[in-house]
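To start, the structure itself, in structure tokens.
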Amino acid sequence: EAQVTQNPRYLITVTGKKLTVTCSQNMNHEYMSWYRQDPGLGLRQIYYSMNVEVTDKGDVPEGYKVSRKEKRNFPLILESPSPNQTSLYFCASSLGWGYNEQFFGPGTRLTVL
Amino acid sequence: GDSVTQMEGPVTLSEEACLTINCTYTATGYPSLFWYVQYPGEGLQLLLKATKADDKGSNKGFEATYRKETTSFHLEKGSVQVSDSAVYFCALSGTQGGSEKLVFGKGMKLTVNP
């Protein structure tokens with residue numbers, strides 16, 4: 001089944017404790033992206049990747065890191081989480097090159113205390 | 001920069017009522033336009049899309065027409081069902097570097113009662 005998977009689905013952590021949210025897609029997509037969803041703000045892009053080893057900042061990159069060492073994986077790293085990063089996070093992928101329908105993962109609900 | 005403005009709700013309707021969710025956009029160039037739907041506890045799913053002016057996207061009884069003259073992409077359904085209860089997002093892409101980037105509206109929560 002073609003899908004985007006994320007882990008964990010739920011995470012409660014404390015300020016400053018490094019964490020990684022994994023994202024994997026099995027559709028051989030070139031483009032991958034991370035969004036955060038907050039009430040009243042909709043979804044905002046954090047980082048994106050056009051291809052392996054190519055990443056770039058989205059609209060709200062502060063406090064996040066990403067890497068794209070393999071085509072299928074695009075982990076989101078919070079080196080020192082803070083309470084304002086409490087949010088619902090979505091990974092998405094698409095074929096790229098103008099095929100701009102994106103496929104979304106199920107989401108990761110993160111709470112930083 | 002590019003932006004999307006949509007009705008935010010929440011909206012509650014009875015089954016078989018008509019639905020219209022307004023969406024307007026501001027963009028340079030010629031964006032593609034989308035409606036995504038998020039069912040409770042799930043990720044976003046593409047509902048329909050239109051890639052050029054006057055295109056009509058349709059799916060599951062929903063329709064939206066790309067109106068360049070009014071910069072709008074309103075979502076309509078003639079008769080909603082309980083299973084349509086979800087959050088609906090209007091979005092655009094294709095006008096900026098990294099052209100796959102989606103710019104979303106804030107979303108509108110729809111509840112349909114039996």
Side-chain angles (χ1 to χ4, degrees), chain A residues 1-7 9-10 21 23-25 27 29-51 54-61 66 68 74 88-109, chain B residues 1-10 21 23-27 29-52 55 57 59 64 66 73 86-109:
Chain A
E1 179 188 357
Q3 59 183 347
V4 178
T5 57
Q6 295 179 227
N7 283 291
R9 294 288 313 277
Y10 303 91
V21 183
C23 173
S24 182
Q25 50 91 7
M27 296 170 278
H29 283 171
E30 302 281 347
Y31 180 90
M32 297 185 75
S33 180
W34 277 102
Y35 297 87
R36 61 178 288 173
Q37 183 181 11
D38 300 291
L41 296 176
L43 282 87
R44 294 175 292 167
Q45 190 182 54
I46 302 170
Y47 269 95
Y48 66 93
S49 169
M50 298 293 287
N51 209 332
V54 180
T55 64
D56 208 347
K57 296 177 181 179
D59 296 318
V60 287
V66 293
R68 188 92 181 272
F74 190 45
L88 180 57
Y89 291 87
F90 289 101
C91 181
S93 72
S94 76
L95 279 169
W97 307 109
Y99 290 89
N100 41 25
E101 174 184 345
Q102 292 192 24
F103 295 83
F104 283 78
T108 295
R109 185 166 292 283
Chain B
D2 297 348
S3 66
V4 174
T5 302
Q6 64 171 110
M7 290 171 57
E8 294 183 29
I21 306 177
C23 172
T24 58
Y25 67 90
T26 302
Y30 303 96
S32 295
L33 301 175
F34 305 85
W35 277 100
Y36 279 84
V37 59
Q38 183 180 28
Y39 298 105
E42 298 184 12
L44 279 74
Q45 302 174 24
L46 179 67
L47 180 59
L48 53 85
K49 69 176 182 181
T51 57
K52 62 182 188 297
D55 270 2
N59 186 26
Y66 190 144
F73 193 55
V87 180
Y88 293 82
F89 292 92
C90 185
L92 65 80
S93 77
T95 69
Q96 302 179 23
S99 64
E100 281 71 24
K101 175 184 174 180
L102 283 167
V103 176
F104 287 91
K106 294 183 180 179
M108 195 206 80
K109 183 177 181 180

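Worth saying up front: this structure is predicted, and the values here are computed from it rather than measured. Below, chains carry the letters A, B, ... as their sequence lines are ordered, and counting in each starts from 1.
Between the side chains of A/Ser94 and A/Gln102, no donor-acceptor pair is found at a separation under 3.5 Å. Of the N and O atoms on the side chains of A/Asp59 and A/Gln45, not one donor lies less than 3.5 Å from an acceptor on the other residue.
Only the backbone of B/Glu42 comes within contact range of chain A, with at least one heavy atom under 4.5 Å from a heavy atom of that chain. Contact annotation for B/Leu46: only side-chain heavy atoms (C-beta onward) come within less than 4.5 Å of a heavy atom of chain A. Residue A/Leu41 touches chain B through its backbone alone, counting heavy-atom pairs closer than 4.5 Å. Heavy atoms of B/Gln38 lying under 4.5 Å from chain A belong exclusively to its side chain. Only the side chain of A/Tyr35 comes within contact range of chain B, judged by heavy atoms closer than 4.5 Å.
A salt bridge does not link B/Lys101 to B/Asp2: none of the charged side-chain nitrogens sits closer than 4.0 Å to a carboxylate oxygen.
Residues B/Tyr36 and A/Phe104 place their aromatic rings such that the two centres sit under 6.0 Å apart. Between B/Phe34 and B/Phe73, the ring center distance fails the sub-6.0 Å criterion.
For the set A/Arg109, A/Arg44, A/Gln37, the count of heavy-atom pairs under 4.5 angstrom toward chain B peaks at A/Gln37.
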